[in-house]
Every structure is written in structure tokens, then in C-alpha cells.
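Lettering follows sequence order; numbering is per chain, from 1.
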Amino acid sequence: MMPLSLADAPLLGLPLIQLWFVAMFFTLAMFLWLDGTNFGIGVLFGLTEDETTKETMLAAVAPLWDGAEVWLVVFGGGLFAVFPDVYANLFSGYYLVMFAILAALIIRGVSPEFREQREDEEWQTLWGRLFVLGSALSPFLLGMFAANWLVGATGSITVPGIVVGLALVALSVVEGGAFFGMKFEDGLPADLLDYTVMAQTAYLVLAVVAVVYLYLFVDGMAAAIAGPVPVVLVVLTALLGIGYVVLLRGERYLPAFVLAGVQTFGLITLVAYLLYPVIYPTTGLTVVEAAVSTLQLNLMTIVLAIFLPLVLVYFAVLYNAFSGPIEAAEGY
Amino acid sequence: MIDPVLASRLQFALTTMVHIIFPTISMGIAPFIVYFAWKEYRGNGEPWISLRRFWVKVFAITFVVGTVTGIVLEFEFGTNFARYASAVGGIFGGPLATEGFMAFFLESTFLGILVFGRERVSDRLYFLSSVLVAVGSWLSAVWILIANSWMQTPRGFEMGMRAGQRVAVITDPVAAYLNPRFPWMFFHMQMGAVLAAALFVGGIAMYKLTTTDERRAFWKTSLKVAIVAMLITAPFQAIQGDAYARHVYQTQPQKFAAMEAVWETDTYVPEYLIAFPTDLEDFLNPRAKELFGIGIPGGASWLASGGDPSAKIRGLESFDTKAPPVVFVFWSFRMMVGLGMWFILLALWAGYRWRTGELLEDRWLRRGMIASTGLGVVAVELGWIVTEVGRQPWAIQGVLKVSQSVSPNLTSTEATITLLGFVLGYAALLSIWSYLMYRIIRAGPNAPTEEGQGTTPSTTEVAAE
């Protein structure tokens, strides 16, 4: 048998269930920030005609997407380990959306790798198009999934699903545009700058539409939305969006990229805030009811406490190695 | 429309069988890459730089397909097997989450450096990245196999309640996660992966040495490294596999009976090394006693008990649950063992020809090596069929059946749509991967760079415009 302390009480008396609720949304936000950046670059790939820019885009995404996608893997794995009923209900409840997400992620992942294996134009055009498709559909479907989860929708195609899906595509372009700006000696090309600013505007509009929709049409959410936290988050996002555009126009890409990340975390914070203390609105299952035994929570917390800091170090090493402009011969 | 339980079974079988090809090759090649990168780091120049570069290219594209097909598996426990996920997530989910945090992050971040970062990091960090990718990919296997072995020999839990459902609650994590099956499975899988990769590398090298005169030193070194790996892994795999079968007999007697197609409990059960079906019924529903074959009297009893030819083996008819589909388990087991024997022979034969200095002169050895390029992966597939089909009808041996695991709200339409999607999508994915592998192999390594200094990008050249 295990020492009594591990089986009987949470480590250090911490509120581990709530900590894991936060940790899960943290991994989701990390995914939407870091891989969202790659999705955004993928969308911009479809909007540019310049072949050198396209190659630079692929070279920017190539070393980073695989690691970024693991944030989604640990989101799924963490839910499975700590909130198994949520994992089970959510993934089976939105069955076709989940497989559409997987298909989009598969296409996004393999297409740049495949594209660079042959020189002929037809082959490269095909995989380039699929790369754009996968990059646009992944955030759209993930947004649809997250919104349906939040409102407890029973179907897949819903108004909040589509609005939040589009918002996540826009947010991905916001992230991707800022990150991609760092890959040039002399700033983001003008057309991409315009698309990125448009995306920031679109994100703010869509975010407001989504919040207003929740306020007006979703039962029991009006009071929560009118509260201080959502209002502060929405105002903050608007300010961050304005700051982002100013920074981007001033070619200060790194701080702009950080502001895009803060907007992502703001969005996910709003979702988590509106859910809590429920974790699966369709059945009204609460966070506390859904959590696994104290022993397993303690074990998983030990894993998280040891490895999360290490993981952040890996990412620091990786992003540091690939920081700065891309040289002509780099990439696939 | 296909019944959701059957469709989920077929879909999981298809998605795992396609997925396992890629980690088998990437985990197996990883130690080779570390060796090549070490030689390069120590300043040994060519052919090591070209070796590292070329096999990293093969590794990278394989790893990418492995990543995207692997995520599907993790999600399928939720989408298709929601009742399973709810019932055992409190134990089974832990290793999967730990795999993500401990292993998958490590391998996927340093993979970026290994594949694209040669010119951007120091030699030391570059070599370290190759080690971390290899360690990460093997740690992945640790946690995935901990999860799978718990399905075979579940321990360390009791049934309890959570949110109104009966679920497995962990009581002893050491018993659960270091369950008796884990060490057997881990050793067998990892040796199998290295052997499969050695056959893959060796077969390709032999093919190139037979068909072209380019880069002979490069391909000869690839071949010799592969033969050394085959000589180490092939015999060990057989010795360990023999003991592993005994362990299966002790812990999963129903699976063992299916492996041997023993229906009635008996003593002095023979081991049919070679068995021939004499009619279709014999093939589809094999019963060892009625097969025409060459049997060692008491052999299966001897194998199961570790030396006693009179040992009793429980027959399939003595279990309360329906027997697993014996046709898959019995024939897969035989084919896997047969391939294992062939790999030992091939390794010894190649080793002998190497000693006599006729490695490339023996026409039949060349043919044998080339024909065996993909057979290591086939053997791994067959082994997993024995493991997973042999556990049926259970998902968790003796605890939860597959039929009780499927998502309650899953409709036939949904399940059929995704099954069809996977059949088509994975057929395309496999074809494209094979086609690109063929192109990479046909093109061979890039020309060696001057003075052994890397001056070109680590993978294929970027289109100039």
C-alpha cells in the first residue's frame, strides 16, 4: 500500500482538482497560442503569391509545429487522466467534429513535409493547398468544439460554434502574422501586414458577437457575463488588440506576438470562467464530481510539477534556436 | 451501416495497425542515428555525416506520420470507447498523460533541432538533441506499454463509484504500473523495433549496393551497422520471446490456448511448429488436434510450463467467455515465430559472409536481405495481433469487455462514416509515405560536403525560387 498521505489527502493540502482544471485550460491555451501561430502562417500561406515568402513560411513552421501539437495531446491525455468522464463525454459527444479536427491536423502536419519532397509545380500546388486547408480548418473546428462544449450544445453546427470557430481562425492569423514578422530582416511584407491587421479587427468583432450571443441566447449565462471578470476580459482584449496593431505597424514583432498570446489566454480564461464550477454543461457535471481519486490526482500532480517546468525549458531552447530571420537555404 | 461496436473494433484495429508501422521504424532507427551523430560529433567526417543526414531524413518523415496517426489513437478512447474511458480513465489515462509530458514533448521539440537545426545550434547541442529524441521516443514506448500491459494483466485497483458510475479506482500505483506484463512487453517491443529497423536499413543498403555504384562506402557502412544490430537483437528476441510465451500462459491462459488452438484441456500437448490447414474450415477455425502438421510431442506443454512435457494446458472450451478469434491468433503467432527464426538465420548467414569477405558476392544473401526489408515490421504487426486479438473479448483482461466499452451514444452512421474515412485516408497516407520513401531511397544521400563540414541544409534542398 502507498503511504497514507498520498492516498488520503491532496498533496500539501492544495486544491488539486481546481489546479488541474486550470492546468487543462493552460495546456489548451498554450496549444492555441503556439500551434495557432503555425495555423495562422498556414492561412497566410494561402493569401500570398510570392514563392520565396511561401518557402520562408514553411521554413518557419517546419521545426515548431510538431512540438506545439503536443500541447493538444497533453490536453487530451490530461483530461483522460484526471477528468475521464469529461474526456469520454466530450469526445464521444462531438464525435464527427473530433474526427474532422484530427483529419485537419493530419493534413496540416503532413502536407508541408510532403510538399518539399518533389520539385514539380503540380505536386507543390496540391500540397500547398492542402496545407492551407488543414491550417484554416484546424482552428475553425477547434473553436466550434470549444464553443459547443461551453454552451452544452447537442448538435455540432451551432451559431456560437461558427462564430468562435471563425474567431479562432482570425486569432491564429493575428499570432502567425506577428511571429512571421520576426522571420524577415526588413519587416513583414505589406500585403501580409494588411491581412494581419484585418484579422485582428475581425477577431475583436467576432469575440464581441460571441459574448453578446452568450448573454442574450444561452440560458443562465447572462448573469455571469454581466459580471466583472468577463467585462474586464473583453475590455482588456480590445486594448490588447489596439496595442497589437500599433506594435505591428512599428515592426515590433516580438511584443506584438506576446500580446497575441495574451489575447489567446484571455479567451481561454473566459471559457474556463464561464464553465466553472461545471465542467460539462450538457449534463451539468461539476469539476469536483468529475475528478479522479485523490491518490491518482496526487500522482498526476507530481508528474505535472516535475515535467511542466522541463517542458517550458525545451520550448525555450527550441524557440531560441530558431529565433530570428530565416536564411535562404533553410527549411525542408 | 455497420454496427457501432464492430465498426469501432475495426477502426481501432485499422488505426493501430497503420500507426505502429511508423513508431516501430522511428524507435528502431533512433539508436542508429545517435551512433551516426556521435561519430560526426567526434569529428570522424564521412561517411558519418551523410549517414546521419540521410537517416534523419527517413526518420523525420516517418516520425511526422507517426505523430499525426498517434494522436488519433489517443482520441479514439474518448470518441469510440467512452465507457472504457470513464471506467478505467482513473488508471489508464495516467500513463497516457505522462507519456505526453515526459516523452512526447521531449522528442518532438528536439526533433525540430535534429532535423532543421544543424546550422543553428552548437555541435554539442546538436548531438544532445539526437540523444534526447531517441530517449524521448523510447520513453514514449515505456508509458504506452505500461498502459497496454495493464490491459493484459490489470493490478493495483478496486471497483468504486464516481459521479454515479462504477469505475476502477487505483489503490496501488506500483502494482498497477509495474504490472507483471510490462517488462516482457517492453523488451520484446523495443528489440522488435531495433530488429525491424535493422532489417529495413540493411535491406535498403543491400538493394542500393546491388543496383548502383554510387556512395558504396555509405551503403556498406549502413549494411554493416544493420547486420551488427541484427546479430544482437534477433537471437535475444527469440530467447526472450520463448520465456514471454510462458508468462502469457501463466497470466492469460485463454490467450495462450488461442495461440496454440487448444480447445480441450489436455496434458502432453504437442507444439505444431509447422501446421497445414487441409481445408478451409481448418484454416478459419483451427483446432490444433485436427491440423495436419509437424508437432513436437509435449512441446506446447513443455513451452508453457518451462520444461514439463506432461503439463496440463487449459483448453478454450473450459473458459466462461467466448474464445478469441483463434484464426488470427493461431496463424499470426506461427508466422511471427517463423519470421523470427528466419531473421536469426539471416543474421548468422550475413555475419558469416561478412567474415569470409563475401558479403556482397552471395546472390541469395542479397535476395534474402532485400526481400526482408519490411518483414521486421510485419513481424511486429503479427505480434500485436496475437497480443490484442488474443485478449478478446476483453478490453481489460477479466474486468471489462470490448462490447461494454463502446460509446453509448455512438450511432451506426457516425461509426461507419469515420471507418470509411480512415480506410480511404490511411490508404492514401500509407501510399504517399511509401512512395516518398521510395523516392528518398532512390535518390540516396546528398553528395558529401568538403572537409566533412555541413554547408548544405540538413534535409532536402529548398527550391531556389
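Of the atoms belonging to B:Leu436, it is side-chain heavy atoms, and not backbone ones, that fall under 4.5 Å from chain A. Proximity to chain A involves both the backbone and the side chain of B:Thr98, based on heavy atoms less than 4.5 angstrom apart. For A:Leu90, no part lies under 4.5 angstrom from a heavy atom of chain B. Within the 4.5 angstrom heavy-atom criterion, atoms from both the backbone and the side chain of B:Ile113 approach chain A. Heavy atoms closer than 4.5 Å to chain B are found nowhere in A:Ala103, neither backbone nor side chain. In this structure, chain B has heavy atoms under 4.5 Å from both the backbone and the side chain of A:Arg118. Neither the backbone nor the side chain of B:Phe157 comes within less than 4.5 Å of any heavy atom of chain A. Within the 4.5 angstrom heavy-atom criterion, no atom of A:Ala68 approaches chain B. Neither the backbone nor the side chain of A:Thr53 comes within contact range of chain B; no heavy atoms are under 4.5 Å apart. For A:Val311, the part sitting under 4.5 Å from any heavy atom of chain B is the side chain, from C-beta outward, and nothing else. Residue B:Glu107: no heavy atom, backbone or side chain, is found under 4.5 Å from chain A. Residue contact with chain A, scored on non-hydrogen atoms closer than 4.5 Å, involves the side chain of B:Val121 exclusively. Of the two parts of A:Phe99, only the side chain, counted from C-beta on, holds a non-hydrogen atom closer than 4.5 Å to a non-hydrogen atom of chain B. For B:Phe77, the parts sitting under 4.5 Å from any heavy atom of chain A are the backbone and the side chain alike. Only the side chain of A:Val303 comes within contact range of chain B, judged by heavy atoms closer than 4.5 Å.
At a threshold of 4.5 Å between non-hydrogen side-chain atoms, the residues A:Leu295 and B:Thr171 do not count as touching. Using a 4.5 Å heavy-atom threshold, the side chains of A:Pro63 and B:Arg120 count as separate.
The most heavy-atom pairs under 4.5 Å with chain A, out of B:Ser86, B:Gly156, B:Gly100, B:Ser129, come from B:Ser86. For the set B:Pro95, B:Ala97, B:Gly164, B:Gly70, the entry with the most heavy-atom pairs within less than 4.5 Å of chain A is B:Ala97. Chain B forms the most heavy-atom pairs under 4.5 Å with one residue out of A:Ala100, A:Ser92, A:Gly324, A:Gly77, and that residue is A:Ser92. Each of B:Asn80, B:Leu96, B:Leu111 has some count of heavy-atom pairs under 4.5 Å with chain A, and the biggest count is that of B:Asn80. Options A:Leu308, A:Val317, A:Ile106 differ in how many heavy-atom pairs under 4.5 Å they form with chain B, and the most are formed by A:Ile106. Note on A:Leu304, A:Val292, A:Val74, A:Leu72: by heavy-atom pairs under 4.5 Å with chain B, the leading option is A:Val74.
A:Asp66 contributes atom CG, which lies 13.5 Å from atom CZ of B:Phe110 (distance to the nearest 0.5 angstrom). In this structure, OG1 in A:Thr154 is found 11.5 Å from CG in B:Asn409, a value given to the nearest 0.5 Å. Going from atom CG of A:Asn298 over to atom CD1 of B:Ile170 covers 11.0 Å, rounded to the nearest 0.5 Å. With rounding to the nearest 0.5 Å, the separation of CH2 in A:Trp65 from OG in B:Ser108 is 9.5 Å. Separating the CD1 atom in B:Ile61 from the CD atom in A:Gln117 is a distance of 4.0 Å, to the nearest 0.5 Å.
Side-chain atoms of B:Ser407 and A:Tyr95 include no donor-acceptor pair closer than 3.5 Å.
Residues passing the salt bridge (Lys or Arg N to Asp or Glu O under 4.0 Å) test with A:Asp50, sequence neighbours excluded: none.
Ring centers of A:Phe114 and B:Trp433: at least 6.0 Å apart, outside the cut-off.
Not one N or O on the side chain of A:Tyr314 forms a donor-acceptor pair closer than 3.5 Å with the backbone of B:Leu106.
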For B:Phe75 and A:Leu105, run side chain to side chain contact (heavy atoms under 4.5 Å, CB included): C-alpha distance rounded to whole Å, both residues' side-chain angles, the deciding distance at 0.1 Å, then the answer. CA-CA 13 Å; B:Phe75 280 36; A:Leu105 287 172; over 6 Å; no

